[in-house]
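Read the structure below first, then the notes.
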Amino acid sequence: MPELPEVETTRRGIEPLISGQRVRDIVVRDRRLRWPVSPRWARALPGTVIHAVDRRAKYLLIRSDTGTTLLHLGMSGSLRFVGPDTPPGKHDHVDLIFDRGVLRFRDPRRFGSIHWTTRDPLQHRLLRDLGPEPLAGDFTGDVLWQASRGRRVAVKNFIMDSHIVVGVGNIYASESLFRARIHPKRAAGRISQARYAALVDAIRDVLSEAIEDGGTTLKDFVRERGQPGYFGQQLQVYDREGEPCRRCKTPIKTARIGQRSAFYCPACQR
DNA sequence: ACAGTAACCTGTTTGC
DNA sequence: TGCAAACAGGTTACTG
């Protein structure tokens, strides 16, 4: 669920609610996330003032005056801002308590994570080796084309590889390839420079439009006040197996590529 | 360096 | 209906 648009939607939602606010306390009900929540973080954060919420890839960078919290939503995570007396649900693992409310982290599958660093977060081992941001200027068709030379992986896996470009998960990979009319199984190294230019445009457009719509809610994802995202209504191929292609009416097909489901139009995409 | 797979965990859907 | 298997949006770590 949380791919780049959902994380960015969350960032935009929570930043105005918590920036400038002092963390009064932390409650960790279950520290068993993907990596155990560090006790050092739980000790360090209370008392600090949040001054910004940034994003790198699918990580939220919650910056306070003494360090940065790296928060990843994993597969099923969400952050909401709730009133102080809202009873926590079964999977509400962590609270950041502020004077004006509680930032509550829910994650049924516990693939999310929380890290704390007092150094440059971009040099953290989890962020250090990531590829370009898809919505930034350094992500171009030429960059993608160059990186793909000699690569035999399916292009769908290629664009989901965070060393190549960040933020493109299973849903938006299928959607972008449909827009660029590229078959998801095509070898990354066998796609022309011109088609990579089209793919970069497609990725940018899909992600930007999804952010405009507040992300895609298929299952767990909700925004900061519990609202769903509406981009699901714009999906062209994802989860539409057997339904007619919106462009040519051919039934949408599905395939397993690298243990993930890919959706595509067998007529439009080559 | 690259490609492929298993692993983390729980909830829901599918199939017998 | 009941139960077990398969599957789900992500990423890392390991293998060959």
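Computed from a predicted structure; not experimentally measured. Every chain is numbered from 1, with letters handed out A, B, ... down the list of sequences.
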OP1 or OP2 of [N] versus the side-chain N and O atoms of [X]: is any pair under 4.0 Å?
X	N	value
A/H72	C/dG10	no
A/K90	B/dT10	no
A/R256	C/dA8	yes
A/S261	C/dA8	yes
A/H91	B/dG11	yes
A/R260	C/dG10	yes

Kindly indicate, with the supporting measurements, whether the criterion side-chain contact (heavy atoms from CB on, under 4.5 Å) is fulfilled by A/L61 and A/L127.
-> CA-CA 11 Å; A/L61 279 54; A/L127 303 187; 4.2 Å; yes

Taking the six-membered ring of A/W35, is the NZ or CZ of A/R125 close enough (under 6.0 Å from the centre) and on axis enough (within 45°)?
-> yes

State, to 0.1 Å, how close A/Y172 and A/E6 come at their nearest heavy-atom pair, and which atoms those are.
-> OH-OE2, 2.6 Å

When we call it a touch if two heavy atoms are under 4.0 Å apart, what does A/L73 touch: a base, just sugar-phosphate, or nothing?
-> nothing

Counting any heavy atom closer than 4.0 Å, what does A/F158 reach on the DNA or RNA strands: base, sugar-phosphate only, or nothing?
-> nothing

Expressed as a whole number of angstroms, how long is the span from [X]:[atom1] to [N]:[atom2]?
X	N	atom1	atom2	answer
A/D129	C/dT11	CG	P	15 Å
A/R34	B/dA6	CZ	P	16 Å
A/L33	B/dA7	CG	C1'	16 Å
A/Y238	C/dC7	OH	C1'	10 Å
A/K185	B/dA3	NZ	P	17 Å
A/I257	B/dA3	CD1	C1'	15 Å
A/L60	C/dG10	CG	C1'	14 Å
A/N157	B/dA3	CG	P	10 Å

Taking the side chain of [X] as heavy atoms from C-beta outward, which of [options] is closest to it?
X	options	result
A/Q259	B/dA6, C/dG10, C/dT12	B/dA6
A/R151	C/dG10, B/dC2, C/dT12	B/dC2
A/R109	B/dG4, B/dC9, C/dG10	B/dC9

Atom CD of A/Q234 with >12 non-hydrogen neighbours under 6.0 angstrom | yes

CD1 (A/I171) and CG (A/D239) are apart, to the nearest 0.5 Å, by 8.5 Å

What is the distance from atom CZ of A/R247 to atom CD of A/Q269, rounded to the nearest 0.5 Å?
-> 10.0 Å

Base-pairing assignment for B/dC9 (Watson-Crick or G-U wobble, both under 3.5 Å) = none

Under 3.5 Å donor-acceptor pair, A/R110 side-chain atoms to B/dC9 base atoms = no

Taking for each residue the nucleotide of DNA chain B with the nearest heavy atom, is it A/R32 or A/V153 whose nucleotide lies nearer the 5' end?
-> A/V153

